[in-house]
Amino acid sequence: MNLSAEQPIGVFDSGVGGLTVAHSIKALLPNEKIIYFGDTFHLPYGDKSSQSVRYYSRKISDFLLEKSCKTVLIACNTASASAFEEVTTHVNGRAMVLNVVDPVVKHLCEKGSNGTVGVIGTKGTINSGTYNDKIRGFSPSTQVISKATPLFVPMIEEGFINNDISNSIIKAYLSDAGFSDIHTLILGCTHYPLIRQQIEEFFDNRVKVIDSGHIVATELKRILEKENLLNPGNGSDKHEFYVSDYTEFFETISRTFFEEEVHLEKLDFWVT
Ligand code: DGL
């Protein structure tokens with residue numbers, strides 16, 4: 001791979017939820033410039049066919065390559081589950097391709113994951129069986145209980161966080177008897193870190209709750225270090241955020257996910 005440290009980090013998601021991952025990258029790797037693409041035109045990916053998600057992911061990878069990114073980081077669990085292999089083949093060594101599932105599974109299994117682990121995510125992520133297959137590939141004795149929790153995405157985007165409505169929805173999904181024995185819960189969706197604390201409280205802080213942001217940023221840092229591709233300069237004030245459909249609402253909620261002001265630039269990406 002002929003990459004240079006000064007190239008930006010390319011990150012994409014179905015929308016603005018992946019900004020939780022971008023935020024962790026910004027915090028851990030302040031010298032890196034981030035180019036973020038949110039496919040708000042097609043959001044949500046969680047209800048789309050894997051064939052469509054693979055097609056969108058390939059096209060977005062082309063955009064990040066045009067922007068000379070050294071990575072194509074799939075900051076969406078749904079796309080990580082269905083499109084990682086295809087994007088890797090498509091990118092064909094022109095950038096490093098990362099997803100948000102593998103670093104979390106590796107982290108979990110390195111810490112020792114015997115017993116039962118819970119996973120929640122979109123329908124697309126849960127129905128793919130990716131977490132189950134990858135965790136059991138590392139650790140065959142681990143039991144995995146997974147559940148699609150699709151209402152969490154619109155709930156979070158509408159700002160129902162830390163209130164009675166979100167408490168009721170969390171309770172309705174996670175009161176499932178299968179979750180009573182879990183020691184760890186993976187938040188398999190990049191929106192969910194915003195309700196992490198509420199989920200911890202639902203389990204009376206007995207369950208370790210893992211989300212991908214910091215784990216993925218740490219893995220990215222490890223890989224960049226190993227490949228001698230850490231940016232020595234200061235690209236932190238020049239992040240670029242693109243979307244395939246713009247509304248003021250997207251821009252407003254982006255701030256919540258990225259924890260600072262975000263200016264979204266609309267590209268006529270899917271219009272031919
Ligand atoms: N960000 C997506 C994920 O992590 C969830 C939102 C969607 O369904 O598009 O799976």
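Just the heavy atoms: all of them, side chains too, but no hydrogens, waters or symmetry mates, feed the values below.
Within a 6.0 Å sphere centred on NZ of Lys147, other residues, nucleotides and ligands contribute more than 12 heavy atoms. The number of heavy atoms from other shown groups lying within 6.0 Å of CG (Asn205) is above 12. The environment of CD in Gln51 is sparse: at most 12 heavy-atom neighbours from other residues, nucleotides or ligands sit within 6.0 Å.
By the 4.0 Å N-to-carboxylate-O rule, Arg222 lies close enough to Glu219 to be salt-bridged with it. Between Lys26 and Glu260, at least one side-chain nitrogen of the basic residue sits less than 4.0 Å from a carboxylate oxygen of the acidic one, meeting the salt-bridge criterion.
The salt bridge (Lys or Arg N to Asp or Glu O under 4.0 Å) search around Arg136 returns none, not counting sequence neighbours.
The shortest distance between side-chain heavy atoms of Tyr131 and Ile126 does not fall below 4.5 Å. Using a 4.5 Å heavy-atom threshold, the side chains of Phe258 and Tyr36 count as separate. Side-chain contact between Ser244 and Thr40 is present, with heavy atoms from C-beta onward closer than 4.5 Å. For the pair Thr130 and Ser80, the minimum side-chain heavy-atom distance is 4.5 Å or more. Side chains of Val207 and Phe179 form no contact here, defined as non-hydrogen atoms less than 4.5 Å apart. Proximity of Ile186 to Val117: side-chain heavy atoms (C-beta onward) are separated by under 4.5 Å at one or more points. Residues Ser4 and Gln7 meet the side-chain proximity criterion, which asks for heavy atoms closer than 4.5 Å. Looking only at side-chain heavy atoms (C-beta outward), Ile199 and Ile170 come within less than 4.5 Å of each other.
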Result block: side-chain N/O donor-acceptor pairs under 3.5 angstrom for residues 9-20, not counting sequence neighbours:
residue	atom	partner	partner atom	Å
Asp13	OD2	Gly15	N	3.2
Asp13	OD2	Gly17	N	3.2
Asp13	OD2	Gly18	N	2.8
Thr20	OG1	Gly17	O	2.9
Thr20	OG1	Thr190	O	2.7

For residues 248-257, which side-chain N or O atoms pair as donor and acceptor with protein atoms under 3.5 Å away, sequence neighbours left out?
residue	atom	partner	partner atom	Å
Glu251	OE1	Tyr246	OH	3.3
Glu251	OE2	Leu264	N	2.7
Thr252	OG1	Glu248	O	2.9
Ser254	OG	Phe250	O	2.7
Thr256	OG1	Ile253	O	3.4

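Side chain of Asp204 to main chain of Arg206: no donor-acceptor pair is present (N/O by atom type, distance under 3.5 Å, no hydrogens or angles).
Under the 30°/60° scheme for interplanar angles, the aromatic rings of Trp270 and Tyr55 are found to be tilted.
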